[in-house]
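Worksheet: the structure to be examined is printed underneath.
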Amino acid sequence: GESVGLHLPTLSVQEGDNSIINCAYSNSASDYFIWYKQESGKGPQFIIDIRSNMDKRQGQRVTVLLNKTVKHLSLQIAATQPGDSAVYFCAENVGSTLGRLYFGRGTQLTVWP
Amino acid sequence: DTAVSQTPKYLVTQMGNDKSIKCEQNLGHDTMYWYKQDSKKFLKIMFSYNNKELIINETVPNRFSPKSPDKAHLNLHINSLELGDSAVYFCASRGLAWTGELFFGEGSRLTVL
């Protein structure tokens with residue numbers, strides 16, 4: 001999950017297991033959040049977003065949970081596959097301008113066959 | 001066809017030099033961005049243009065100057081390069097008014113020696 005340390009947090013799971021990646025955000029006024037996936041050598045890729053008037057949103061094999069009380073987001077990936085191995089970032093949209101994203105530090109997910 | 005393309009992909013240069021990175025998107029989007037990713041994978045917004053107009057300018061040294069000749073292009077010029085400028089620079093675009101989903105390019109890795 002989110003870390004204040006120098007190293008990228010890591011999560012290792014076995015293929016087929018569910019993964020949960022956590023993220024803490026800083027601005028209680030933020031009302032829009034996005035999860036991105038970044039594979040090695042590539043740019044970040046949109047996974048799923050959620051607005052602050054929701055506490056849960058589901059996509060294909062992914063679910064995002066938002067807890068505004070404790071300023072916490074999580075991304076759940078069902079039946080994790082080797083192709084899910086990547087760095088996952090949460091991002092909060094700061095201010096009224098969409099696209100002004102402040103990214104968390106990222107979590108390296110490794111899926112073992 | 002690549003949606004958001006950046007050139008060059010790799011750039012190695014000496015301290016003090018001036019260099020440019022170019023970005024083009026063929027998605028028809030109105031808004032484009034530059035993000036910087038450091039060696040610890042931390043992604044930080046730098047600039048954003050909407051239809052050739054600067055709308056986001058984070059606290060970035062004025063050695064960095066973005067230029068948008070038209071809404072499909074956003075270039076980044078860096079003067080007097082410093083060691084700390086070494087990073088991967090990502091261009092991104094956004095098209096839908098109601099979402100903060102960004103489409104990122106593959107990145108331009110700048111190494112300053």
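Values reported hereafter were calculated over all heavy atoms of this structure, with side chains retained and with hydrogens, waters and symmetry mates removed. Throughout, a chain's letter reflects where its sequence line sits, starting with A, and its residues are numbered from 1. The model shown is predicted, which means the values in this text are computed figures rather than measured ones.
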same_hphob_cluster([X], [Y]) at 4.5 Å side-chain heavy-atom cutoff:
| X | Y | result |
| --- | --- | --- |
| B/Met15 | B/Tyr10 | no |
| B/Leu110 | B/Phe90 | no |
| A/Tyr102 | B/Met46 | no |
| B/Tyr35 | B/Ile55 | yes |

Segment of [X] engaging chain A (4.5 angstrom heavy-atom cut-off):
| X | answer |
| --- | --- |
| B/Lys44 | neither |
| B/Glu58 | side chain |
| B/Phe103 | neither |

Practice problem: To the nearest 0.5 Å, tell me how far A/Tyr32 OH sits from B/Thr99 OG1. | Solution: 3.0 Å
Is atom [atom1] of [X] surrounded by more than 12 heavy atoms (other residues, nucleotides or ligands) closer than 6.0 Å?
| X | atom1 | value |
| --- | --- | --- |
| A/Glu15 | CD | yes |
| B/Lys71 | NZ | yes |
| A/Lys42 | NZ | no |
| A/Met54 | CE | yes |

Quiz item: chain B heavy atoms under 4.5 Å from A/Leu101: which part of the residue, side chain, backbone, both or neither?
Solution: both
Quiz item: Which bit of A/Gln108 comes within less than 4.5 Å of chain B, counting heavy atoms only: side chain, backbone, both or neither?
Solution: neither
Quiz prompt | Heavy-atom check, side chain of A/Arg105 versus side chain of B/Lys41, under 4.5 Å | solution = no
Quiz item: So do the side chains of A/Phe46 and B/Leu102 get within less than 4.5 Å of each other, counting heavy atoms only?
Solution: no
Practice problem: Output yes when a side-chain donor or acceptor of A/Arg100 lies under 3.5 Å from a complementary backbone atom of B/Ile56, and no otherwise. | Solution: no
Exercise. Search all heavy atoms of A/Leu98 against all heavy atoms of B/Tyr33 and return the closest pair with its distance.
Key: O-OH, 3.1 Å
Quiz prompt | Contact summary for B/Leu43 and A/Pro44, nearest pair of heavy atoms | solution = CD1-CG, 3.7 Å
Practice problem: For this output row, return yes or no: ring centroids of B/Phe104 and A/Tyr36 closer than 6.0 angstrom. | Solution: yes
